[in-house]
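What follows is a single structure, written as structure tokens, with notes after it.
Remember, it's 1-based here, ligands and their atoms both numbered in the order they're listed.
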Amino acid sequence: MKQIGFIGLGTMGRPMALNILNAGYPLRVYNRTKSKMEPLMAAGAQVADSCREAATGADVVITMVSDSADVQDVVLGADGALAGCHKGAVIIDMSTISPSVASEIAVACDEKGVKFLDAPVTGGETGAINATLSIMVGGDADTLESVQSVLAVVGDKITYMGLNGSGQSAKLCNQVICALNILAVSEGLAMGEAAGLDTSKLLEAVRGGAAGSWILDNLAPKMIARDWAPGFRVTLQQKDVRLALEAAAQHLLPLFGTSAAHQVMRVAEAKGWGDEGTQAIIKAVKAIADRL
Ligand code: NAP
């Protein structure tokens, strides 16, 4: 079986790496904060001292870190994955980053004879644990074909979007839809509270109708219960919306609603709720109206 290197064992990366290990792939992991490698080591993975070492000898290297600059660091840095990869290896970045940065990294990899796929995901921590992620892939179609069996271990829906960068573009479209939906659910519940409604009853009344959505089903109950534990952190959602707005600007496409959602997320961060789950955005909506 292919030797796999895996870099970035956060909320998403840790369960994804475990699924790869449990599928029988030889796995070497690296995480900047070393203690996060312990559960993987206990499960039988090898651990590396650097991204470069995690990639050495690997047929496939998966990166799951935070933002564009982080992927540039872990792939292109002096001790990065590309420095350890042999010709013909495939690097798959599954983080959510800028489409143009993904394309630039692909070019740098190509110059060293290494293939690069941008393959961001949706489905959250639950999808990562249950291996039910939806994966949007940009890059060479033959390269995707060569790693399809590895991706199938972490996700159950793999969609080929086109050239490098198009996987990230698809993910940013997804995040625009999610961000506006989170704001919509937050405003709907805030309005219900302001009108003196029982918001649990309100949720039951509307969830089966045209207002129904994944966000309503999964985040509204947490908003009502005032459960702010992450899931998907406000800071990461804000980052994704910022990336979407930057990409839209490159296309000269105004996104009014997305811009408004971004500002509300900035309020949540300014209030100190950046590390809470995205359901905490309702607190920002209420704080703006001085109704917290
Ligand atoms: P997370 O829990 O914050 O984990 C981030 C991981 O990246 C950590 O292992 C962190 O290492 C590592 N990292 C960040 N910057 C680094 C750098 N410069 N060098 C080395 N390692 C670095 O984030 P997550 O929730 O797993 O999300 C990971 C990616 O998936 C993000 O792009 C996010 O937008 C995307 N995503 C997340 C979800 C979700 O529901 N959480 C869903 C879909 C997509 P340390 O441990 O040392 O900090």
Note: ligand 1 atoms sitting under 4.0 Å from heavy atoms of Ser95 are 32 (O)
Got the closest protein heavy atom to atom 48 (O) of ligand 1, with its distance?
Arg32 NH2, 3.0 Å
among protein heavy atoms, the one nearest atom 47 (O) of ligand 1 is Thr33 OG1, 2.5 Å
Using a strict cut-off of less than 4.0 Å between a Lys/Arg side-chain nitrogen and an Asp/Glu carboxylate oxygen, indicate whether Lys201 and Glu204 qualify as a salt bridge.
no
Please check if the number of heavy atoms outside Leu163 that lie under 6.0 Å from its CG is greater than 12.
no
Which of the ligand 1 atoms, numbered from 1, are nearer than 4.0 Å to a heavy atom of Gly8
9 (O)
side-chain contact (heavy atoms from CB on, under 4.5 Å) assessment of Leu40 paired with Leu9
CA-CA 9 Å; Leu40 268 297; Leu9 302 171; 4.3 Å; yes
Is Val264 close to His262 at the side-chain level, that is, under 4.5 Å between some pair of heavy atoms?
no
Which of the numbered atoms in ligand 1 are below 4.0 angstrom from a heavy atom of Lys239?
31 (C), 32 (O), 33 (C), 34 (O)
Interatomic distance, Ser68 atom OG to Glu246 atom CD [nearest 0.5 angstrom]:
7.5 Å
Specify the protein heavy atom at minimum distance from atom 30 (O) of ligand 1: its residue, its atom name, and the distance to 0.1 Å.
Met64 CE, 3.1 Å
Do the charged groups of Lys283 and Glu276 touch, with an N to O distance under 4.0 Å?
yes
Within the 4.0 Å heavy-atom cut-off, what Asp70 brings close to ligand 1 is both
For atom 46 (O) of ligand 1, the option (of Gln175, Lys36, Gln237) bearing the nearest heavy atom
Lys36
Who's the nearest protein heavy-atom neighbour of atom 32 (O) of ligand 1, and how far?
Ser66 O, 2.8 Å
Calculate, to the nearest 0.5 Å, the distance between atoms CD and NZ belonging to Gln279 and Lys222 respectively.
5.0 Å
Presence of salt bridge, Asp67 and Arg242, under 4.0 angstrom
yes
Does a sphere of radius 6.0 Å around NZ in Lys239 hold more than 12 heavy atoms from other residues, nucleotides or ligands, not counting ones at 6.0 Å or beyond?
yes
Ligand 1 and Met12, any nitrogen or oxygen pair closer than 3.5 angstrom?
yes
What I want to check is whether the side chains of Thr132 and Asp156 have a donor and an acceptor closer together than 3.5 Å.
no
Polar side chain donor-acceptor pair, Ser100 to Ser98, under 3.5 angstrom:
yes
Going by the atom numbers of ligand 1, which of them fall below 4.0 Å from some non-hydrogen atom of Leu9?
9 (O)
Given that the side chain starts at C-beta and the backbone is N, CA, C, O, which of these parts of Thr122 lies under 4.0 Å from ligand 1, counting heavy atoms, or is it both or neither?
neither
For Val74, the ligand 1 atoms whose distance to one of its heavy atoms is below 4.0 Å:
19 (N), 20 (C)
Would you mind checking which non-hydrogen protein atom is closest to atom 12 (C) of ligand 1, with the distance to 0.1 Å?
Val65 CG1, 3.8 Å
Which ligand 1 atoms are under 4.0 Å away from a heavy-atom of Asp73?
18 (N)
Is it the case that over 12 heavy atoms from other parts of the model lie below 6.0 angstrom from the CZ atom of Arg14?
no
Could you tell me, atom by atom, which parts of ligand 1 come under 4.0 Å of a heavy atom of Lys171?
43 (C), 44 (C)
Which residue supplies the protein heavy atom nearest to atom 3 (O) of ligand 1, what is that atom called, and how far is it?
Arg233 NH2, 2.7 Å
If you scan protein heavy atoms around atom 35 (C) of ligand 1, the nearest is Thr96 OG1, 3.8 Å
Any idea which part of Gln72 is under 4.0 Å from ligand 1, heavy-atom wise: side chain, backbone, both or neither?
neither
If you take the nearest heavy atom of each of Asn31, Thr11, Thr63, Leu236, which one is closest to atom 27 (O) of ligand 1?
Leu236
Got a sec, which pairs hit side chain to side chain donor-acceptor pair (under 3.5 Å) with one end in residues 86-96, sequence neighbours left out?
Thr63-Asp93, Asp93-Ser95
Nearest neighbour in protein (non-hydrogen) for atom 41 (N) of ligand 1:
Phe232 CD1, 3.4 Å
